[in-house]
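One structure is given below, encoded as structure tokens.
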Amino acid sequence: MRRIVIKVGSHVLTEEGSIALDRMRALVDFIAELQKQDRQVILVSSGAVAAGYTQLQLDRSRVADKQALAAIGQPYLLKLYQSKFAHHGVLSAQLLLSADDFDSRRRTRHARNAVEKLLEHGVVPIVNENDVVATEELVFGDNDRLSAHVAWYFQADILVILSDIDGYYDKDPHRHSDAKLRKIVHGIEAEELDSECTPHGRFATGGIVTKLQAADFLMRRGGRMFLASGFDLGDVRSFLLHGEHRGGTLFVGERTVGDSEE
Ligand code: ADP
């Protein structure tokens with residue numbers, strides 16, 4: 001059985017300050033479909049701050065206010081997910097983690113035991129950073145790096161990042177109309193990892209660089225990452241359900257290339 005971590009960014013999950021319920025429903029339907037095909041799915045979801053903002057309009061430019069919004073929004077977000085998964089008779093669960101949890105072997109083992117138990121029972125673990133005690137991803141990252149840790153330490157076969165962009169281009173496609181999609185990436189240069197982050201929305205942090213850092217973390221360990229659009233799930237659906245690489249970018253080290261062509 002293949003284990004998949006799917007990370008969805010705040011741009012995908014929100015629309016003009018509210019939760020984009022139709023996109024959330026499409027994502028949940030897709031995960032339920034993957035489960036029917038015997039895949040185990042762990043979802044890493046952003047969107048708690050945006051969900052909190054729909055309930056109380058605090059100042060999103062301050063970290064403490066964002067933490068408060070995340071605390072308000074997280075249970076609200078989970079309630080939405082739980083009711084959507086319930087339509088498929090699927091249970092979902094909340095896991096609040098921070099990067100530090102993966103620094104400790106004991107804590108990683110505890111978290112892994114819980115995840116294994118949930119997956120064994122067909123439950124979808126929904127992971128987010130524990131923003132009240134750890135602010136790294138809230139400030140910078142939007143869960144991209146956290147999702148790479150989740151994929152690696154919970155032994156997933158692949159990390160899928162669903163973004164507002166449909167793949168990795170040779171330059172920022174929002175600024176250059178001649179940007180070309182890179183379908184397969186075998187390695188990332190140091191300067192690509194260091195370049196200035198270009199988040200372009202009030203709720204998004206990290207931009208493409210944190211996605212490249214996530215891909216680099218996994219590729220160095222023999223893992224794989226697929227970056228695709230979260231607005232239109234066509235490419236990720238073809239890739240995961242039919243093994244067809246139509247669009248999206250696959251990050252895979254040279255050593256593991258053979259495995260990707262299943
Ligand atoms: P999300 O909110 O989905 O996690 P972000 O908006 O934070 O995603 O990051 C994706 C954005 O990064 C794209 O919309 C794009 O404008 C920008 N970007 C900069 N350089 C590139 C590139 N080379 N390829 C793709 N996207 C890029």
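Whatever order the structure lists ligands and atoms in, that order sets their numbers, starting from 1.
Side-chain contact between Y153 and V115: absent, with no pair of heavy atoms (C-beta onward) separated by less than 4.5 Å. You'll find the side chain of L240 reaches within 4.5 Å of the side chain of F30, heavy atoms only.
At least one heavy atom of G167 sits less than 4.0 Å from an atom of ligand 1. Residue contact check for ligand 1: K211 places a non-hydrogen atom closer than 4.0 Å to it.
Within a 6.0 Å sphere centred on CZ of R62, other residues, nucleotides and ligands contribute 12 heavy atoms or fewer. Within 6.0 Å of NZ in K117 there are 12 or fewer heavy atoms belonging to other residues, nucleotides or ligands.
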Practice prompt. Determine, stepwise, if the pair F231 / H11 fulfils ring-ring contact (aromatic ring centres under 6.0 Å, His included).
Written response: CA-CA 9 Å; F231 291 108; H11 265 123; 7.8 Å; no

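For ligand 1, the polar-atom distance check against S163 finds a nitrogen or oxygen pair separated by under 3.5 Å. In terms of polar-atom proximity, D172 is counted as a contact of ligand 1, with an N or O under 3.5 Å from an N or O of the ligand. Taking any N or O of I165, backbone or side chain, none lies under 3.5 Å from an N or O belonging to ligand 1.
Remark: R220 is not positioned above the aromatic ring of F217, lacking an NZ or CZ atom under 6.0 angstrom from the ring centre and at most 45 degrees off the axis.
Using a 4.0 Å cut-off to heavy atoms of D142, the atoms of ligand 1 that qualify are 2 (O), 4 (O). Each of the atoms 3 (O), 5 (P), 6 (O), 8 (O), 10 (C), 11 (C), 13 (C), 14 (O) of ligand 1 lies under 4.0 Å from some heavy atom of D164. Taking every heavy atom of Y168 and a limit of under 4.0 angstrom, the matching atoms of ligand 1 come to 22 (C), 23 (N), 24 (N).
No donor-acceptor pair under 3.5 Å is formed between the side chain of S104 and the backbone N or O of D101. Remark: side-chain polar atoms of R3 are paired, donor with acceptor, to backbone N or O of F154 under 3.5 angstrom.
Proximity of K7 to ligand 1, defined as any heavy-atom pair under 4.0 Å, is confined to the side chain (atoms from C-beta onward). Of all the heavy atoms of P173, the ones lying under 4.0 Å from any atom of ligand 1 belong exclusively to the side chain. When non-hydrogen atoms are compared, ligand 1 lies under 4.0 Å from the backbone of H11 as well as from its side chain.
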